[in-house]
Amino acid sequence: MTVTATPVREEAVPEPAAGRRLIDKVFKARELAVAAVLLVMLGATQLSNTEFLSEQGIKDLLLNATILVLVATGQAVVVITRNVDLSVGSVLGISAFAAGTYLQDGGSSLIAILLAVALGALFGALNGALVSLGKVPALVVTLGTLYIVRGIDSIWVGSQQITADDLPNGFVDFGHDGIWVVPYLALLALAVLAAVGYYLRSYRSGREMYALGSSPEAATLAGVPVRKRIMTAYVLCGALAGLAGALYLARFGNVDSATGSGYELTVVSAVVVGGVAFTGGSGSVYGAALGALLLTSINSVLPAIGVSSVWVTAINGILLLLAIAVDRILALRVAAVLRKQAAQLRSARHA
Amino acid sequence: MTHPEPETTPVLALEGVSKSFGAVRALRGVSLRLYAGEAHALAGENGAGKSTLIKALAGVHRPDTGTVLLDGEPVEFHGPADARDAGVAVIYQEPTLFPDLSVAENIFMGRQPRRALGRVDHASVRRATADLFARLGVDLDPDQPARGLSIADQQLVEIAKALSFDARVLIMDEPTAALTGSEVARLFGVVRTLREQGAAVLFISHRLEEIFQLCQRVTTLRDGAWIASEPLDGLTEDDLVRRMVGRDLAELYPKQDTRTGEVALSVRRLTREGVFTDVSFDVRRGEIVGLAGLVGAGRSEVARAVFGVDRFDGGEVEVLGTRLKPGAPSLAMAAGLALVPEDRRAQGLVMDMSIERNIGLTGFADTTRAGLMNRKAERSRSVDWAVRLQVKYARLGDVVGTLSGGNQQKVVLAKWLATAPQVLIVDEPTRGIDVGTKAEVHRLLSALAAEGVAVLMISSDLPEILGMADRVLVMHEGRLSAELTRAEATEESVMAAATGRTNQGSAA
Amino acid sequence: GGTTKDDAAKEGGTAAAGKADPNAETKKDLTVAFLPKQVNNPYFTTADNGGKKAVESLGSTYKEVGTSSGTDTAGQVSYVNTLTQQQADAIAVSAQDPGALCTALKQAMKNGVSVVTYDSDTKADCRQVFVSQASAEDLGRTQVQEMAKQIGGKGEIAILSAAQTATNQNTWIDFMKDELKKPEYKDIKLVKTAYGDDDAQKSFQQTQGLLQEHPKLAGIISPTTVGIKAAAQYLAGSKYKGKVKLTGLGTPNDMRAYVKNGTVEAFELWDPAKLGALAAHTAVALESGQITGQEGEKFKAGDLGEFTVGKDGVVSLGKPTVFSKSNIDDFDF
Amino acid sequence: MRWDSAVGALLLVLLICSFSFVDNFGNALNLSFLIGNTLPIALIALPMTMLVISGEVDLSVGSTAGLSGAVMGALWNAGMAIETIIPICLLLGVVCGLVNGLLVTRLGLPSLAVTIGTMAAYRGIAQIVLGSDSVTDFPTQYLDFGAGRIGDTFIPYALFPFLVLLAIAVVVLHATPTGRSLFAIGASEEAARFSGIRVKRLKLSMFVTTGVLSALTGVFWALHYASARYDNATGLELSVIAAVLLGGIDFDGGKGTLGGAIAGVFLLGTLQNAMSLQNVSAQSQIVVTGVLLVISVLGPRIGRQVAQARARRRTAAAPPPQAAPST
Ligand SMILES: Nc1ncnc2c1ncn2[C@@H]1O[C@H](COP(=O)(O)OP(=O)(O)OP(=O)(O)O)[C@@H](O)[C@H]1O
Ligand SMILES: Nc1ncnc2c1ncn2[C@@H]1O[C@H](COP(=O)(O)OP(=O)(O)OP(=O)(O)O)[C@@H](O)[C@H]1O
Ligand SMILES: [Mg+2]
Ligand SMILES: [Mg+2]
C-alpha cells in the first residue's frame with residue numbers, strides 16, 4: 001500500500017490549563033479523600049467533647065497511630081509490588097519479645113531496637129526468599145509464616161512475659177514522652193514514612209517496585225531485577241514490623257506470647273483504606289499512613305464521644321466500608337467529569 | 001541495486017539455534033545475521049517461530065542448542081536486561097506496559113535520567129517522552145497512565161520506548177499490526193533514519209508490502225525451520241509467500257457477490273459521552289460493511305457499545321427487529337449478535353484456559369443437557385471449529401496462551417463463528433494473521449455473508465476494507481464522517497474522510 | 001407451633017450423683033488433666049503449676065492441654081473430646097464459655113471422667129464441682145471498698161472489664177453495682193463500664209476514652225489482669241498518673257512497677273497457685289469417691305486445709321489478698 | 001501428579017498412619033468428634049472455593065456465622081419457635097451475602113477490602129444483638145442433631161446434609177455452565193464479559209450463596225457447641241482460607257477443584273486431631289499448619305522444576321540437530 005496521506009495528528013492538543021491539571025491531580029489523589037474523612041471526624045468529635053483534642057488527647061492520637069503507621073508503611077511497599085505480608089503481626093510479636101528479653105537482661109535501649117529491627121528484617125528476608133525464589137503466591141506463603149512465626153514465638157515465650165518492671169526507665173519514658181504534643185515515637189514514624197515515601201517516588205529502584213506491581217511480565221521484559229526488588233520490599237516490611245515491635249514494647253511496656261496476633265487484618269485494612277490497591281502498582285505509603293491514622297483515630301473517637309464499646313466493632317466496620325465506598329464513588333464521579341471534559345475538548349476541535 | 005551479504009561481521013547473529021516447548025519444536029537449528037545499516041525482515045506463517053526467535057535474541061528464552069553472537073563473539077543473555085545492555089531494543093508482539101504508570105515512566109523505566117544523589121529527574125523524563133512522541137508524530141500526553149490506551153496507542157508507546165534506547169539493534173515483532181497507514185509511514189521514516197545512522201533492524205510483519213517497503217533482506221521460517229535468507233531485490237510477493245507456505249496462494253480478497261436482504265443490525269444515534277457521538281448506520285443481511293478510521297477514532301468503542309460490554313448514554317440498537325438492552329452482552333448474543341474483539345489477550349481469550357474451553361465459553365446453550373455440561377458435545381464443537389480455521393495446536397487441551405499470536409486470533413474467531421451468529425462484528429479480524437490464513441478468513445467472511453449473515457468489519461488495514469466491504473463507513477473523532485459505496489471507496493476518499501478533510505459523502 | 005424456649009425449659013435437666021464416702025481412700029496413679037482458658041497465659045500457668053504440684057504430691061500424673069487463644073471455644077471443646085478419648089481420670093477446666101462445653105463435658109462424665117471447673121465455671125449441671133477463686137461476692141464488694149478508700153468516698157468511677165461475655169467479670173460487676181447501692185457510697189457514681197476484651201491495645205484505648213469522656217473521673221476498677229495492666233501503663237505515661245486511682249485484679253509481677261512508681265496504690269488477687277492446687281485436690285477427691293459434688297460434703301485438701309462443698313457444688317478458696325507497696329515484694333507470681 | 005490429588009493422597013496416608021499408630025484415633029467416638037468439629041470449616045469451604053475460583057474472597061464468613069448464631073440466640077430468648085428462627089437466620093445470610101456482593105459488583109470495590117469491613121460490621125451487629133448473653137438452652141432434639149451421631153457409629157447426623165451440599169457443589173462447579181463461567185471469570189474477568197457471561201450476576205449469586213452457607217454454619221455451630229454467643233466462629237475465615245489454599249485453590253482465581261479443597265479441609269482437621277491425641281502442644285500444631293501451607297505452594301513448584309530439569313537433561317543428551325545452512 002502506498003502511503004500518501006500526510007501525518008494526521010499534526011495539530012497538537014491544546015495544552016490543558018495548568019490550573020485545571022492541578023485540580024485533576026488533586027481530585028485524583030486518593031489520599032485526599034482519606035485525609036478529608038479524618039479531619040471531619042476529628043473536628044466533629046472535638047465539637048462534642050472538648051477534651052478530645054487537648055494536649056494529652058493529641059498526644060494519645062499520635063501515639064496510638066505510630067505503631068500501625070510503621071507497619072502499614074512496610075505493608076504498603078509490599079502491596080505495591082503486588083504481594084502481601086500477612087506475617088507482620090507475628091513478626092511484631094516476636095521482635096518485641098526479643099527486644100524485651102534483651103532489655104530484661106540489662107541491655108541498652110538502642111541495641112534492643114536494632115535487635116528488633118534486625119530480627120524483623122530476617123523474617124522479612126525469609127518471606128521474600130520464599131515468595132521471590134519460589135515465585136509462589138505471597139498470600140499463602142505469608143499465611144504460612146504467620147503461623148510458623150507465631151508458633152515459634154509461643155514456644156519460645158511460653159508463659160513468660162515482659163512487664164514494665166523489667167524495662168529500663170529511659171526506654172519506657174521514650175514510649176510516651178515527646179516534644180510538646182508530638183511524641184518521640186511519632187517523630188520516628190514520621191521520619192521513616194517520609195524516607196520510604198521519598199525513596200519510592202524518587203529512586204529508580206523505588207519506581208521499579210511500582211512497575212513490578214503493575215505488571216510483573218512487563219517488568220521482567222524491561223529488565224527490572226524482580227527478585228531483588230521483591231526481596232527489598234519484604235525485608236523493609238519485616239524490618240519495620242520489627243521496629244514497630246520495639247516501639248510496642250516501649251509504648252505498652254508489656255509483651256507476651258499473644259502480642260500482635262490478629263494485627264495483620266488491621267494493617268491490611270489500613271493499607272486498603274489508604275488507597276493502596278491489592279492488584280499492585282498504585283497507591284502510596286502516605287495513603288497507607290493516613291489509613292492507619294484514620295483507623296486508630298476511630299478507635300479513640302468512639303470511646304471519647306461516649307459510644308458504648310458494644311457498638312465499637314460495628315461502627316468500625318461500617319466506617320471502613322463508608323471510607324472505601326465514598327472514595328470509590330468520588331473516583332467514578334471524577335472519571336465521568338474528566339470524560340465529559342475530553343468530549344467537550346474533542347467536539348470543540350471538531351467544530 | 002542488489003544487496004549481497006556484507007563482508008563485515010554481523011552485529012547480532014544466531015547460529016543453529018533450537019528451542020522446544022515440551023513437545024513443540026518452535027525453532028530447529030535456525031541461523032540469522034543482522035548487519036549494521038540493514039533492515040532485515042523475518043517472514044513465516046503463524047506459529048512458524050518468529051516471535052520465539054526474537055525472544056531468543058532478546059534473552060527472554062535461553063536457546064536449547066546453538067549460540068547467539070554479538071559482534072561475532074558468542075554471548076549468553078541471562079535475561080532481557082543483558083540484551084538491553086548490549087544495545088538490543090525489542091518491540092514484542094504483544095505490548096507489555098505498566099498500566100498504572102504514566103506513559104513517560106513506561107518508556108524510561110529503569111533508565112530514568114538522574115539528578116544528584118541518584119534521584120530520578122521526573123521533569124526530564126517527561127521532556128524526553130514528549131520529544132519522542134513529537135518525532136513519531138503521536139499526540140499522547142506523557143503524564144497519561146497507560147491503562148485505557150487502545151492497542152494502537154500501546155503499540156506506539158512500545159515503539160517510542162524502543163527508539164529511546166538509541167540501540168544498535170532494533171527488533172520489531174509486528175509493530176504495525178494495529179496501526180493505520182499514516183502511523184506506519186511515520187514509523188518507517190524514523191526507522192529508515194536509524195538504519196542510515198548505522199542501526200541493524202529486524203522487522204516482522206504479515207503485511208508483505210511493508211516488508212518490501214522497509215527491508216533489504218529477508219529470512220523465511222517454516223514450522224520452526226530455516227528456509228532461506230536472501231535479498232529482497234528481485235523477489236516478488238508471490239515468491240515470498242511460496243517460501244513461507246510451500247505452495248501458491250489463493251486470492252487474498254475473494255469477494256463473493258451476494259444479494260443483500262433485510263436490515264439485520266440497526267444502530268440509531270448511538271452516543272457515549274466523550275467517546276463517540278450520534279452514530280447511526282444499518283447493516284443488511286448478506287452485506288459486509290467496513291468501518292474505517294484512524295486509530296482512536298472510536299470504532300472499537302462503537303462495536304463494544306453495540307454488543308453491550310460498554311454502556312451507552314443515548315440512542316438505540318436493534319438486531320433483527322429486537323431492541324437490545326444496553327449493557328447486556330448475553331441478550332445481544334441471544335438475539336444473534338457476535339463480536340470478535342480487537343484485543344485477543346485481554347478480551348478475546350481466557351489465556352490460562354485450554355483451547356477447548358475457550359471455544360466452549362460461547363456455546364453453553366448447545367453443549368448442555370438438562371443443565372449439565374455434555375463433554376462430548378463441547379469437544380466436538382471445539383474440534384470442528386479449530387480444524388475449520390486451521391488452528392495449529394498440539395492438543396485441544398493445551399493452554400491457549402502458548403499458541404502463537406496468529407493462532408490465538410484464530411481461536412477467537414472460532415469461538416464466535418461457532419455461535420452461528422446472524423450479525424457478526426469483527427474488530428481487526430486479521431490482526432497478526434499470516435497471508436495464507438488471512439485469505440482463509442476473508443473467504444470465510446465472504447461465505448458467511450453469502451449465507452445471509454450481516455457482517456460489520458472494523459479494520460485498520462485499508463486494502464482489506466477496500467477488498468472486502470460492500471459499503472464503507474468512516475469514523476473521524478467519534479463521529480461518522482462518511483458512508484461510501486464500494487465504487488466510491490478508494491484509498492484517497494477513505495483517508496480523506498478519516499482525517500476529517502472531507503465534505504463528500506454524508507454521514508448516514 | 002414449633003419448639004420454643006418454654007417447651008425446652010419443661011424438659012428439665014438431669015442431675016445424677018452417687019453416694020459420697022468421705023472415708024474412701026485417696027486413689028493414686030490417676031491422670032488429672034488441666035485445661036485452662038488459654039495456655040501460655042501467665043496467670044493460668046501459675047495456677048496450673050500449683051495444680052501440678054498438688055497432683056504429683058498425691059501420687060498421680062498431671063498434664064496440661066489447651067488452646068493458645070482465650071476465645072477459641074471450639075478448640076476447647078475438642079480438647080475435652082480428646083481427653084475423653086484418652087481416658088483421663090479427671091479434668092480440671094476453666095471454661096471459656098458456660099454453655100459451649102456442656103455437651104462435651106457431659107459426654108466426658110458419662111465416660112467416667114470426673115469434671116471440676118476452676119476459675120471460670122460452666123452451667124452447674126455440666127460439671128461436678130466448681131472451685132471458685134474466692135466467692136464472687138467477696139471479690140466484687142472488696143474491689144468497690146478498696147476503690148472507695150482510695151478516692152476518699154466520693155467521685156466518678158468507671159469499670160474496665162474484659163470481654164463483654166466474660167462470665168466471671170460479669171458476676172463480679174453485678175456485685176460491685178450492688179455494693180455501690182449501699183448508703184456509704186452515695187457520693188460515688190459509676191459512670192461507665194467499658195470492655196477491653198483482654199487485649200492490651202484495646203484496653204489501653206478504652207482507658208483513654210474513659211478519661212476523655214469523663215474528665216472528672218476519680219478512679220477505675222479493672223477486674224481483669226490484662227485490663228488493669230494496660231490501664232496502669234497508660235496512666236503511668238499520661239498526665240493522669242497518680243491523680244486517677246486504679247484498682248482491680250492484677251498479679252504482683254505485672255503491677256510491681258506501677259505500684260512502685262505511684263501509679264497504683266493497691267489492688268487485689270487470690271493466689272492462683274492455691275487455686276490450682278485446690279482444683280487438683282478436688283478432682284482427686286471426686287475421682288476417689290470422697291465427694292460427689294453435693295452441698296455439705298467435706299474433704300481435705302492437703303496443706304490448704306478442709307473445704308466444704310457449697311450450694312450448686314461450689315468450693316471457695318477464700319478471701320482475696322490485697323497487694324500494696326508494703327507487701328508486694330513478698331510475692332512472686 | 002496434580003496438587004489436588006497429591007493432597008488427597010496425603011490425607012489418605014495420614015489417615016492410615018493415624019489409624020495404625022495413634023491410640024484412640026480409630027474409635028468411632030473420636031472419628032465422630034473429628035468430623036463434627038471439621039464440618040463448619042468444610043461447609044463454608046464449599047462456597048469459598050467457588051468464590052476464590054471466580055477471583056473473589058469473603059473474609060466475613062466467620063462473622064456472618066457469628067451473627068446468624070447471635071440472632072438465633074436472641075430470637076430464641078424472645079420466645080420464637082426454632083422452626084421459624086432457622087429460616088430467618090438463613091435469610092439473614094442472604095442479606096449479608098447481598099451486602100458484600102452488591103458492594104463488590106455494583107461499586108466495583110475489591111472484595112478483600114469490602115469483606116474486611118463487613119467482617120467487623122457483622123461481628124459488631126452480633127454483639128449489639130446478643131450482647132454478653134450466651135444462649136445454651138436450645139431444644140434437645142436439635143442439640144442432639146448438632147452434636148450427636150448415629151448410634152455408636154462414627155457418623156454424625158450432620159454429615160448427611162453436608163454430603164448432599166457437597167454433591168451439589170461438585171456438580172455445579174465441575175459439570176455445569178455456571179462452574180465453567182466461574183473458572184473463566186477468575187482467570188480473566190474481561191474476557192468472560194466479552195464472552196457474554198453475566199459476570200456481575202454470577203459473582204453476586206456466589207456471594208449470596210456464601211452468605212447463606214455461612215449462616216447455616218452459624219446455626220450448626222450454635223447447636224453443635226450448644227452455645228450461641230456473639231463471638232462464635234471467630235477466626236473461622238482464616239481456617240477456611242488456609243484449608244482451601246492447602247487444597248490447591250489458586251488465590252488469583254481460575255484454578256482448583258472442590259475435591260482438593262475438601263481434602264485440604266479434612267487434612268488439616270485430621271492432622272490437628274491426631275496431634276492432639278499425641279499430646280502435641282497447641283503451639284507446635286500452629287507451626288505444623290504453617291509449614292504445611294508453605295509446602296503446599298512450594299511443593300508443586302519444586303516438583304515442576306525438577307521435572308523441567310530432567311526434561312532439559314534429556315533433550316541435551318539427544319544428538320544436536322544439524323547446523324543450519326547459510327547463504
Ligand atoms: N511459551 C510457550 N509454550 C509452549 N509453546 C510455545 C510457547 N511459545 C511459543 N510456543 C509455540 O511455538 C511455536 C512458534 O510460536 P511463535 O510465537 O514463535 O510463532 P510466530 O511465528 O511468532 O507466529 P505469529 O505470526 O502467529 O506471531 C508455536 O507452535 C507456539 O505454539
Ligand atoms: N479500555 C479502554 N478504557 C478506556 N479508554 C479506552 C479504552 N480503549 C480505548 N480507549 C480510548 O478510547 C478512544 C478510542 O478508542 P480506540 O483507539 O480503540 O478506537 P478505534 O477507532 O477502534 O481505534 P483502533 O481500533 O485502531 O485502536 C481512544 O482515545 C482510547 O484511548
Ligand atoms: Mg509472533
Ligand atoms: Mg479498535
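Per chain, numbering begins at 1; letters A, B, ... match sequence-line order. All values below were derived from every heavy atom in this structure, side-chain atoms included, with hydrogens, water molecules and symmetry-related copies excluded. Quick caveat: nothing in here was measured; it's all calculated off a predicted structure.
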Report which part of [X] has an atom under 4.5 Å of a heavy atom belonging to chain C: side chain, backbone, both, or neither.
X: D:Ile286; result: side chain
X: D:Gln285; result: side chain
X: D:Ala226; result: both
X: D:Ser134; result: side chain

Out of D:Gly131, D:Ala228, D:Ala78, D:Gly146, which one racks up the most heavy-atom pairs below 4.5 Å with chain C?
-> D:Gly131

When only pairs under 4.5 Å are counted, which of D:Thr234, D:Asn232, D:Leu236, D:Thr136 shares the most heavy-atom pairs with chain C?
-> D:Thr136

In residues 27-47 of chain D, what donor-acceptor pairs under 3.5 Å come from side-chain atoms, sequence neighbours left out?
unit_1, atom_1, unit_2, atom_2, d
D:Asn27, OD1, D:Leu29, N, 3.2
D:Asn27, OD1, D:Asn30, N, 2.9
D:Asn27, ND2, C:Gln85, OE1, 2.6
D:Asn27, ND2, D:Asn24, O, 3.3
D:Asn30, OD1, D:Asn273, ND2, 3.2
D:Asn30, ND2, D:Phe25, O, 2.9
D:Asn30, ND2, D:Asn273, OD1, 3.1
D:Ser32, OG, D:Leu29, O, 2.7
D:Asn37, OD1, D:His224, NE2, 3.1
D:Asn37, OD1, D:Tyr225, OH, 3.3
D:Asn37, ND2, D:Phe33, O, 3.4
D:Thr38, OG1, D:Leu34, O, 2.6

Side chains of [X] and [Y]: does their closest heavy-atom pair fall under 4.5 Å?
X: D:Asp137; Y: D:Trp76; value: yes
X: D:Val280; Y: D:Val288; value: no
X: C:Leu190; Y: C:Met176; value: no

Taking side chain as everything from C-beta outward and backbone as N, CA, C, O, which of these in [X] sits under 4.5 Å from a heavy atom of chain D? Side chain, backbone, both or neither.
X: C:Tyr79; value: side chain
X: C:Gln107; value: side chain
X: C:Thr103; value: side chain
X: C:Asp97; value: both

Quick one: pull up CG in C:Leu101 and CD in C:Gln96 and give me the separation to the nearest 0.5 Å.
-> 7.5 Å

What's the spacing between D:Ile82 CD1 and D:Leu223 CG if we round to 0.5 Å?
-> 5.5 Å

For atom CZ of D:Phe154, decide whether the heavy atoms of other residues, nucleotides or ligands shown that lie under 6.0 angstrom number more than 12.
-> no

Winner by heavy-atom pair count (cut-off under 4.5 Å) against chain D, out of C:Ala100, C:Cys102, C:Ala163 | C:Ala100

Identify which of C:Val65, C:Thr82, C:Asn81, C:Val77 forms the greatest number of heavy-atom pairs closer than 4.5 Å to chain D.
-> C:Asn81

How are the rings of C:Phe44 and C:Tyr118 set relative to one another: parallel (under 30°), tilted (30 to 60°) or perpendicular (over 60°)?
-> perpendicular

